[in-house]
Amino acid sequence: VYDTIQLFDERLQLTLGLNYIEMERDSIDLSETNPKFGLVWKPNSKLSINAAWFESVKESFLSQGSLEPTHIARVPQDFDDLEGSESRVSALGFNYAPTETYWFDVQLSERETDWTSIDAASQIQASIESEFKESRYSVVGNIVLTNQIVFSLSYAGDNFERLDDNTVDFLDDVDTQTVSWNVSYI
């Protein structure tokens, strides 16, 4: 169940949601109710500020035909996690568009994830439960080159931290930084 409420001449947008997931498969047996909250505030025509907090569960590939939104207040809620992963996400960002042909976005987010996997190395299928925290920041600049071509340049940093000792060593702490560009034809 989701609803988006527009207030103050559509300068404030609230998104409230709740979903329920039941999953039984291999070592996964869960039933979860996941709350969702999002806020987009537009103090003027050039600036918007967004915030989100939500919980989610990665559904199985075959049951991903959900009708729920993929974003809450411009923050993605669909992650490439293991089936049955449970995530809690909080995010803050803003979009600034000084002209109609140039704009940029800044996003800060933190996500904690719990997942259960099967230990493929053991002869007995043992369940391994792990907890991770991912902190992410990104800055994206966009410029319209013509009526149909948009150029984007982005910088993003991620810190992926294991919060327990239940997984293999290569999944310890990882820091990444990415610079990318994109040309889109609309």
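Only a predicted model underlies this, so the values are computations on that prediction, with no experimental measurement involved.
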Pairwise distance [atom1]([X]) to [atom2]([Y]) - rounded to 0.5 angstrom:
X      : Y      : atom1 : atom2 : answer
Ser180 : Tyr155 : OG    : OH    : 12.0 Å
Asp173 : Glu161 : CG    : CD    : 5.0 Å
Leu92  : Ile49  : CG    : CD1   : 8.0 Å
Gln6   : Thr15  : CD    : OG1   : 8.0 Å
Ile149 : Ile143 : CD1   : CD1   : 12.5 Å
Arg136 : Thr176 : CZ    : OG1   : 7.5 Å

What I'd like to find out is whether the side chain of [X] reaches to under 4.5 Å of the side chain of [Y], using heavy atoms alone.
X      : Y      : answer
Glu131 : Glu112 : yes
Phe37  : Leu14  : yes
Gln177 : Val179 : no
Glu110 : Lys133 : yes
Phe94  : Phe104 : yes
Asn50  : Gln13  : no
Ser56  : Lys36  : yes
Asp105 : Arg74  : no

Taking atom [atom1] of [X] as the centre, does the number of heavy atoms from other residues, nucleotides or ligands within less than 6.0 Å exceed 12?
X     : atom1 : result
Tyr20 : OH    : yes
Trp41 : CH2   : no
Asp9  : CG    : no

Determine whether [X] and [Y] fall in the same hydrophobic cluster, where Ile, Leu, Val, Met, Phe, Trp and Tyr are linked whenever their side-chain heavy atoms lie under 4.5 Å apart.
X      : Y      : result
Leu12  : Ile72  : no
Ile5   : Val1   : no
Val150 : Tyr102 : no
Tyr2   : Trp53  : no
Val140 : Leu153 : no

Thr113 and Glu134: CA distance, side-chain angles, deciding distance, side chain to side chain contact (heavy atoms under 4.5 Å, CB included) verdict: CA-CA 8 Å; Thr113 303; Glu134 178 184 15; over 6 Å; no
Write down the atom of [X], the atom of [Y], and the distance for their closest heavy-atom approach.
X      : Y      : value
Glu55  : Thr33  : OE1-O, 4.1 Å
Ser48  : Val40  : CB-CG1, 4.4 Å
Asn142 : Ser152 : OD1-OG, 2.6 Å
Gly38  : Ala73  : CA-CB, 3.7 Å

Any donor-acceptor N or O pair under 3.5 Å, side chains Thr99, Thr101: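 The answer is yes; a qualifying pair exists.
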Quick one about Ser184 and Asn182 (side-chain donor to acceptor, distance below 3.5 Å, no hydrogens or angles considered), yes or no?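 Yes, side-chain donor-acceptor contact under 3.5 Å.
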